[in-house]
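To start, the structure under review is shown below, and the notes come after it.
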Amino acid sequence: MAAGAAIGNIGGMMNLAIADHHPVKPGARDSALADYDCVRRAIAFISQKWKAQPTIEAIADAAGLTPDELHHLFRRWAGLTPKAFMQALTLDHAKSLLRDSASVLDAALASGLSGPGRLHDLFVTHEAMSPGEWKAGGAGLGLRYGFHPSPFGTAVIIASDRGLAGLAFADPGEEQAALVDLQQRWPRAVCVPDQDTTAPLAQRIFDPAQWRAEQPLRVVLIGTDFEVRVWETLLKIPLGKAVCYSDIAANISLPKASRAVGAAVGKNPISFVVPCHRALGKGGALTGYHWGLTRKQAMIGWEAGRLGAE
DNA sequence: TCCAACCGACGAC
DNA sequence: GTCGTCGGTTGGA
């Protein structure tokens, strides 16, 4: 009920955050959302027409840009040329991400606490909270939420005092639905708007320059035992790698549970930070994504750009 | 606590 | 596409 009252405020808050379907103006301030809006249209067009080998001109047209603007957009957004971006969305690329899928997880485990190897590009410490724990301790705990522009559309961030609890994405006009979808995962929690709390989280999560091992991002995983194990496994997948569902299943010693793993991956409440977009079907197919396959493609393309920047 | 129905972000053909 | 399979989740008892 407190949450209901809070939801009423969103409309007003969102007005400043949402850039509508306007083409990107050079030098426009706060261009993250407008950028993603174009990227989204480009991806949609590419995945629809990929067989016909669309030209840069055609893609730019579909995104509402000139070819030159498209080029600058992708450079700014992911550090990638349009051509390299298209390359990053091919099945071949997905397969190369999947290379050594099984051993990626074992290697991460082995390097563990001592090794120099990074587990996750965005350094994360996590603790798990079972539904039971949540219920028992939930009385005194509150959640704070905020909306923030991100490279993948408007990000909805939910934080508890124990750390980041939820991260969802929304296309223009769907912000409220995204918040409700996220909130419903913890029906007993009291959720209040608090941009001041969530803004620093957003800034840090989406700016790779701020990913630091010394000060890992605190995250709290709230789910069933099985779900938490699956999400912990996802956290082991480094940037530039992907794993398939059956390898996750094998990694948690339930080799036949790949299907259940898929369901659990789909319930991941902390999109992007818990990299469920790095879980692919065995053959490299993207299968599904709670926040839309287009967004999964966007993340994969964006990360391809990060890889080159390392 | 126990059990049966339910239901896929699987995977093989 | 479609189909067999299977285990986690859910909800009622």
Side-chain angles (χ1 to χ4, degrees), chain A residues 40 43-44 47-48 50-51 88-105 120 128-136 138 152-153 155-156 166-171 174 177-178 181-189 221-239 241-303:
Chain A
R40 204 180 86 225
I43 293 171
S47 38
Q48 207 172 44
W50 63 275
K51 268 186 191 164
L89 298 188
T90 61
L91 188 58
D92 274 356
H93 183 256
K95 284 179 178 164
S96 78
L97 295 179
L98 270 179
R99 200 163 40 83
D100 312 321
S101 169
S103 59
V104 158
L105 297 173
H120 185 273
M129 192 186 281
S130 69
E133 268 185 288
W134 177 257
K135 200 172 161 188
F152 313 108
V156 189
L167 172 51
F169 293 98
D171 288 333
E174 296 171 2
D181 174 68
L182 201 52
Q183 279 178 328
Q184 275 173 349
R185 295 153 190 258
W186 313 293
R188 297 179 56 99
L221 267 19
I222 305 170
T224 66
D225 223 41
F226 177 79
E227 286 164 353
V228 169
R229 278 162 74 199
V230 170
W231 301 337
E232 285 173 337
T233 308
L234 290 175
L235 280 171
K236 297 181 195 167
I237 311 170
L239 183 76
K241 293 284 180 185
V243 305
C244 58
Y245 299 93
S246 53
D247 284 330
I248 296 175
N251 196 257
I252 58 175
S253 307
L254 290 168
K256 285 186 285 195
S258 54
R259 213 158 175 169
V261 164
V265 171
K267 290 184 192 159
N268 166 32
I270 318 182
S271 173
F272 186 68
V273 172
V274 174
C276 56
H277 56 285
R278 295 182 199 148
L280 307 175
K282 193 142 211 169
L286 289 201
T287 58
Y289 194 66
H290 186 78
W291 293 277
L293 276 183
T294 297
R295 194 166 267 107
K296 190 171 185 174
Q297 291 179 297
M299 288 182 184
I300 290 169
W302 189 84
E303 292 194 336

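Each chain gets a letter, A, B and so on, in the order the sequences are listed, and its residues count up from 1.
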Are any non-hydrogen side-chain atoms of [X] and [Y] less than 4.5 angstrom apart?
{"X": "A/Leu286", "Y": "A/Gln297", "result": "yes"}
{"X": "A/Lys267", "Y": "A/Val230", "result": "no"}
{"X": "A/Glu232", "Y": "A/Leu221", "result": "yes"}
{"X": "A/Cys244", "Y": "A/Leu98", "result": "yes"}

Contacted region of DNA chain B by chain A, from 5' end to 3' end of the hits, cut-off under 4.0 Å to heavy atoms, spans B/dG8 to B/dG11
Name the nucleic acid region contacted by A/Leu293, choosing base, sugar-phosphate or nothing; use a 4.0 angstrom heavy-atom cut-off, strictly under.
-> nothing
Would you mind classifying the nucleic acid contact of A/Phe226 as base, sugar-phosphate or nothing, using non-hydrogen atoms under 4.0 angstrom? sugar-phosphate
Rounded distance in Å - [atom1] ([X]) to [atom2] ([N]):
{"X": "A/Leu254", "N": "C/dT9", "atom1": "CG", "atom2": "P", "result": "11 Å"}
{"X": "A/Arg229", "N": "C/dG7", "atom1": "CZ", "atom2": "C1'", "result": "12 Å"}
{"X": "A/Ile248", "N": "C/dG7", "atom1": "CD1", "atom2": "C1'", "result": "16 Å"}

Can you tell me if A/Thr224 touches the phosphate of C/dG8, counting only side-chain N or O atoms and a distance under 4.0 Å to OP1 or OP2? no
Paired to B/dC7 by Watson-Crick or G-U wobble criteria (both distances under 3.5 Å) is C/dG7
Among the nucleotides C/dT5, C/dG8, C/dT9, whichever has the atom closest to the side chain of A/Arg259 is C/dT5
Centres of the A/Trp302 and A/Phe152 rings: under 6.0 Å? yes
Assess the residue pair A/Val261 and A/Phe226 against the criterion (side chain to side chain contact (heavy atoms under 4.5 Å, CB included)); give the C-alpha distance rounded to whole Å, side-chain angles, the decisive distance to 0.1 Å, and a yes or no. CA-CA 9 Å; A/Val261 164; A/Phe226 177 79; 4.1 Å; yes
